[in-house]
Amino acid sequence: AGEIFSGRSLVPVLRAAQRLSARFIERPIRVTTYGALPAPELERIREAGLTSFVDVRPRVPFAELFGQLQAAHALLAVVGDHMLYSTPYKVYGYMAAGRPILGLAPRGASLFGLLSESGAGVCVEPGDVDAIERALEKMVVSPAGESASARVERYRWSNLALQYRM
């Protein structure tokens, strides 16, 4: 869920998925998106030979999308250089879904701290395919430990609101 535009790309994630799929043949990895990808991004994916690792689906209503998020093995949040000091709202929705989050953001972006502090996931730099592969392997191929939903319960909107009531 979200938008892919200039400065953001799925190609590094798809390269990591390709590597993992080669190493773990019994556990193929695909990236599912909801909403059309821009033509330049589709072209980058085609040129890289990665089309078999992405499934582009049409947009769906939020209630249906939330169910899809809860069923996913991991969720992807990609932020660009313009979001160093803020976090996209969708990340809180991802946290509420209780699935591990792979964040891709420029070094120093606030998303690094949020995912680390909350235990909801891990954030790496967008071009670091090795780090993306390691993170996806931990999240998707060999997940272990406490569920993401248990770690992020305090970030649900209802619980955040309780912190600020008068």
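Side-chain atoms of V54 and I45, non-hydrogen and from C-beta on, do get closer than 4.5 Å to each other. Side-chain contact between F24 and I29 is absent, with no heavy-atom pair separated by less than 4.5 Å. L104 places none of its side-chain heavy atoms less than 4.5 Å from the side chain of D128. Two residues are said to be in side-chain contact when any heavy atoms from C-beta on lie closer than 4.5 Å; V79 and P106 meet this criterion. Contact annotation: the side chain of M139 approaches that of V122 to within less than 4.5 Å [non-hydrogen atoms, C-beta and beyond]. The shortest side-chain heavy-atom distance between D130 and R19 falls under the 4.5 Å cut-off.
Between G93 and F66, the shortest heavy-atom contact is O-CE1, 3.6 Å. Closest approach of I25 to A22, counting heavy atoms only: CG1-O, 3.7 Å. In terms of heavy-atom proximity, M95 sits nearest to I101 at CG-CD1, 3.6 Å. Residues T51 and R46 share a closest heavy-atom pair of CG2-CG, 3.6 Å. In terms of heavy atoms, L111 sits closest to A77 at CD2-O, 4.1 Å. The two residues Y34 and Q68 come nearest to each other via the heavy atoms OH-OE1, 3.1 Å.
Atoms CZ and CD, on R59 and E64 in that order, are 13.5 Å from each other to the nearest 0.5 Å. The CD atom of E137 sits 6.0 Å away from the CG atom of L20 when rounded to the nearest 0.5 Å. The CG atom of L115 lies 5.5 Å from the SG atom of C123; values are rounded to the nearest 0.5 Å. Taken from NZ in K90 to CZ in F62, the straight-line distance is 12.5 Å, to the nearest 0.5 Å.
No more than 12 heavy atoms of other residues, nucleotides or ligands shown are found within 6.0 angstrom of CZ on R107.
Distance alone, capped at 3.5 Å, places no donor-acceptor pair between the R99 side chain and the Y94 backbone. Put simply, the side chain of S118 gets close to the backbone of L114: a donor and an acceptor are under 3.5 Å apart. Proximity of a side-chain donor or acceptor of R57 to a complementary backbone N or O of T33 within less than 3.5 Å is not detected. With E41 contributing its side chain and L10 its backbone, the two residues share a donor-acceptor pair below 3.5 Å.
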Next on the checklist: If you apply the rule salt bridge (charged side-chain N to carboxylate O under 4.0 Å, His left out), what do you find for E47 with R44, and how did you get there?
Outcome noted: CA-CA 5 Å; E47 286 175 359; R44 283 190 291 269; over 6 Å; no
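One hydrophobic cluster, built from ILVMFWY side chains closer than 4.5 Å, holds both V31 and L37. Hydrophobic cluster membership differs between F112 and V13, with clusters built from Ile, Leu, Val, Met, Phe, Trp and Tyr side chains linked at under 4.5 angstrom. Hydrophobic clustering keeps V129 apart from L76 (ILVMFWY residues linked when any side-chain heavy atoms are closer than 4.5 Å, directly or through intermediates).
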